[in-house]
Protein chains: 2
Amino acid sequence: MRPDSIARFRRFARAVTAEVGALDSSFLGRGRPLGAARVVNAIGAGRTDVAEIRAYLGLDSGLMSRLLRSLEEEGLLTTEPHPDDARRRVARLTEAGQREYSAYEDLSDARASALLARAPRSEELLRAMDLVALTLGGDRIAIEEADPRSEAARFCLEAYYGELARRLETGFDVKLSCDPEAEAMVRPRGTFLLAIADGLPVGCVGLKGGGGPVAEVKRLWIDPAARGFGLARRLMQAVEDAARDLSIAVLRLDTNIALPEALALYRRTGWVEIARFNDDPYPDHFFEKAL
Amino acid sequence: MRPDSIARFRRFARAVTAEVGALDSSFLGRGRPLGAARVVNAIGAGRTDVAEIRAYLGLDSGLMSRLLRSLEEEGLLTTEPHPDDARRRVARLTEAGQREYSAYEDLSDARASALLARAPRSEELLRAMDLVALTLGGDRIAIEEADPRSEAARFCLEAYYGELARRLETGFDVKLSCDPEAEAMVRPRGTFLLAIADGLPVGCVGLKGGGGPVAEVKRLWIDPAARGFGLARRLMQAVEDAARDLSIAVLRLDTNIALPEALALYRRTGWVEIARFNDDPYPDHFFEKAL
DNA sequence: TCATTTATCTGACCTTAGTCAGACAACATG
DNA sequence: CATGTTGTCTGACTAAGGTCAGATAAATGA
């Protein structure tokens, strides 16, 4: 009777099964079987290549073909041969199809906000959901190059500043720190990488270059819910690869003793501690790595 | 692109849908359609009345009847008329049925532990799952009378002591407090109530009586993941009802300023602050309520 | 007692999902 | 250009889930 881990997990599984089932049956309200609705949603979400949709939904080619035809008859989509390879086909939603897709999206959104509205502490609930989602699908986090001024990048940077403000004894004010201007973190001078889980950013790292052979690694941050999956290491590896690609010979970075997990990572991965190389008020540890 | 609440919720929904689907298809490995497996599981979990199973699984009476028959032919269960009402039927698993049920349970357990094993911080993950499960199914928390020496009660009490130790400035040692002996919290002198969510305890409260007209409310605790759903209020209401049932005229309780949410609840629900009525070292606020 | 309600069972029927073999056209390659 | 491969389509088929209209038997209430 003691609430051991497995019983707790299974209570969770029962609760979400009921919720997922309710969402599926709300889709049926639009007079279309679930399979067809899933195809509309896959195309609406940007998957146009028929083979790609088939792989994503795990459908047999015969079934897929029939579903496409029934949706075509309904006037929700059109198909045409792929311009590069006339054996393949691409599907595109018609205007009516777009409307149906929006209707499905609205149903999902409405369910989501109804549920969040009845949660007493919704931010805590969302963090819990993030953690669950990342643990279940943790191996599907992709690393992508992005503009540091993009919305996703700014979200990560704000979170990074907020965390520094909480963790540094001195607090943190980005205006007092030497905040790299965006151009220094865009090719050809540098770059900026995001870790993306299912479309949402969960981590970032910047490479600030000045055109010369030395560049600085900046703004390494991982969403708390995504920690423990080796994502920091993957981001650092990716930023090193990008630096080599940009013909950088030496990388530097600075950090603070209040971030012990970062210090440990740098020490574990071949970074060598060096003397202070800037007059930024916040860092107290400085590292270098030759590529 | 900013990860707003709805997108985060939907990432969560996608991740758990995949997990739930994988569990369902693992059930298919036992050579039986999902519908039949669900019936076996419902009966194994203690639902014997056919109408009750039908309501729980949302099945049509015709379909239910056929599923029962096919399982009966397989030798997994027997049905017989209900002793009180011969129109109703009750189903019971045979020995072979029990074995099949155990096999399904083992599959679920194995999935659960495999998943927990790959989580970097499994206790944190479990707390997140608790919060999600309780928010999704929060309206299904039942309040039941239990023995304070039962395993579920002891789990709650340990959690309660642990929380006091963390929150009171002085720490908390149950041996120094006037811990009521169990008999005082068992009928006819008192009672002990548990809040049960899907079989797992998430809260408790005790009523310590001495046979006279005055009794004390003790050990009010709610699992952190279950806070915010008005459960404390429900438990207090239930304990007041139980006290009336035991012919108690006056209730008392003591608490500590470090537990402001409890103080606020008592003040909101008709409790009147009174002078200290014991020499327990931990409490610093004392309340009374006439029934 | 008799009509009504309730719970299950039965047979007929339908939709959805999914499999499989073969057809066909477009590509790829020697 | 002949050959094999790839991606889609078609038709035939099956299993599973689900609906509906009685049939039956037991319980209930006037």
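Each chain gets a letter, A, B and so on, in the order the sequences are listed, and its residues count up from 1. Computed from a predicted model, the values in this text were never measured in an experiment.
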Under 4.0 Å, counting only non-hydrogen atoms across every strand here, what does Asp85(A) touch: a base, just sugar-phosphate, or nothing? sugar-phosphate
I'd like to know whether Arg127(A) forms a salt bridge (charged side-chain N to carboxylate O under 4.0 Å, His left out) with Asp223(A), so could you lay out the CA-CA distance, the side-chain angles of the two residues, the decisive distance to 0.1 Å, and finally the verdict. CA-CA 10 Å; Arg127(A) 296 217 67 74; Asp223(A) 186 323; 2.8 Å; yes
From CE of Met64(A) across to C1' of dT19(C) the rounded distance in Å is 17 Å
Among dC9(D), dC27(C), dC9(C), the nucleotide that comes nearest once only the side chain of Ala86(A) is considered: dC27(C)
Would you mind reading off the distance between Asp60(A) atom CG and dC20(C) atom C1', rounded to a whole angstrom? 8 Å
Expressed in angstrom and rounded to an integer, what is the separation of Leu63(A) atom CG from dA15(D) atom P? 17 Å
Are Arg69(B) and dT10(C) close enough that a side-chain N or O sits under 4.0 Å from OP1 or OP2? yes
Closest-nucleotide mapping onto DNA chain D: is Glu52(A) or Leu34(B) further toward the 5' terminus? I mean the 5' end. Glu52(A)
Within a radius of less than 6.0 Å around CZ of Arg32(B), do more than 12 heavy atoms belonging to other residues, nucleotides or ligands occur? yes
Any side-chain N or O of Arg66(A) under 4.0 Å from OP1/OP2 of dA17(C)? no
Nearest-nucleotide check on DNA chain C, Thr79(B) vs Gly35(A); residue mapping nearer the 5' end is Thr79(B)
In whole Å, I'd like the distance from the CD atom of Glu72(A) to the C1' atom of dC9(D). 12 Å
Assign Arg38(B) to base, sugar-phosphate, or nothing according to its heavy-atom contacts below 4.0 angstrom with the strands shown. nothing
Distance check needed: dT10(D) C1' versus Leu68(A) CG, whole Å only. 14 Å
Output the rounded distance in Å from CZ (Arg88(B)) to P (dT28(D)). 11 Å
Would you say Arg87(B) places a side-chain N or O within less than 4.0 Å of OP1 or OP2 belonging to dT24(D)? no
Charged N-O contact under 4.0 Å between Glu105(B) and Arg10(A): yes
Quick one: Arg54(B) CZ to dT6(C) C1', roughly how many Å, whole number? 11 Å
What's the CD-P distance between Glu80(A) and dC9(D), to the nearest Å? 13 Å
Against Leu77(A), only a single residue in Arg92(A), Glu72(A), Glu100(A) fulfils side chain to side chain contact (heavy atoms under 4.5 Å, CB included); can you say which? Glu72(A)
Salt bridge (charged side-chain N to carboxylate O under 4.0 Å, His left out) assessment of Arg244(B) paired with Glu240(B): CA-CA 6 Å; Arg244(B) 275 193 205 86; Glu240(B) 280 181 31; 3.7 Å; yes
